[in-house]
Each structure stands twice: as structure tokens, then as C-alpha cells.
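Worksheet: one structure, shown below.
These numbers were taken from a predicted model, which means no experiment stands behind them.
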Amino acid sequence: MWFVARHEIDYLGEAFAGDQLVVATWVEKLGRTSLVRATRILRGDGTVLTSASSRWALVDLGSRRPTAIPEPVRSALLGARA
């Protein structure tokens with residue numbers, strides 16, 4: 001099961017009712033048992049409103065310890081980066 005180990009969020013601007021927003025997220029770093037996912041929220045004019053980074057860890061529920069990310073999952077995550 002995936003668990004969030006850390007969130008880091010920088011609030012850089014405001015959004016208002018009626019604003020068009022663009023949300024982008026991608027895998028920034030892929031380790032053996034965890035990954036870092038980056039997220040940006042921008043207003044339609046390109047102004048960055050929020051920049052975030054989250055570390056996710058894959059944990060074996062039986063042992064409650066981090067476990068290696070299986071190759072098919074790694075491949076899917078890397079494919080999502082392209």
C-alpha cells in the first residue's frame with residue numbers, strides 16, 4: 001500500500017472564483033521503495049499559485065516496512081514521465 005511520508009507545499013498566489021486553473025503532476029524521482037511526486041497549480045495566465053512535492057513510500061502491510069516497487073509499477077510510473 002502507498003503511504004505519504006512527507007508533503008511540502010508552497011503557496012505562492014491566490015485563485016479566485018471564475019479563474020481557469022491548470023494542475024500538473026509528475027514523478028520527479030523514483031527510488032527503490034519510494035517516489036517523489038511534484039505538483040504545480042497555475043492560473044490560466046501562467047502564474048504559479050502552488051508548488052508542492054510529496055514523498056510516497058510503498059509499504060508491505062504484513063511487515064509494516066517499506067518494500068521494493070515492483071517492476072511493472074516502475075515501468076508504468078516511468079512511462080507516465082514521458
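Taking both residues in full, the closest heavy atoms of Ala52 and Ile9 are given as CB-CG1, 4.0 Å, listed atom of the first, atom of the second, then distance. Across all non-hydrogen atoms, the minimal contact from Ser34 to Arg55 is OG-NH1, 3.0 Å. In this structure, Arg43 and Asp19 approach most closely via the heavy-atom pair CD-OD2, 3.5 Å. Here the closest non-hydrogen pair linking Leu12 and Ser51 is CD1-CB, 4.1 Å.
Within 6.0 Å of CD on Glu71 lie more than 12 heavy atoms contributed by other residues, nucleotides or ligands.
Taken to the nearest 0.5 Å, the CG atom of Leu21 stands 6.5 Å off from the CG atom of Leu49. Atom CD of Glu8 sits about 6.0 Å away from atom OG of Ser53, to the nearest 0.5 Å. We find the CZ-OG1 distance between Arg65 and Thr67 to be 10.5 Å, quoted to the nearest 0.5 Å. Here Arg74 contributes atom CZ and Leu35 contributes atom CG; the two are 9.5 Å apart, rounded to the nearest 0.5 Å.
Linking Ile, Leu, Val, Met, Phe, Trp and Tyr whenever their side-chain heavy atoms come within less than 4.5 Å puts Val73 and Trp56 in one cluster. Hydrophobic clustering keeps Ile69 apart from Phe3 (ILVMFWY residues linked when any side-chain heavy atoms are closer than 4.5 Å, directly or through intermediates). Leu58 and Leu30 fall within the same hydrophobic cluster, where Ile, Leu, Val, Met, Phe, Trp and Tyr residues are linked whenever their side-chain heavy atoms come under 4.5 Å apart, directly or through other members. In the hydrophobic clustering of this structure, Val27 groups with Trp2; members are Ile, Leu, Val, Met, Phe, Trp, Tyr whose side-chain heavy atoms approach within less than 4.5 Å, directly or through other members.
Contact check for His7 versus Thr39: no side-chain heavy atoms found under the 4.5 Å cut-off. Within the 4.5 Å cutoff, side-chain heavy atoms of Val48 are placed close to those of Leu42. You'll find the side chain of Tyr11 stays beyond 4.5 Å of the side chain of Ile41, heavy atoms only.
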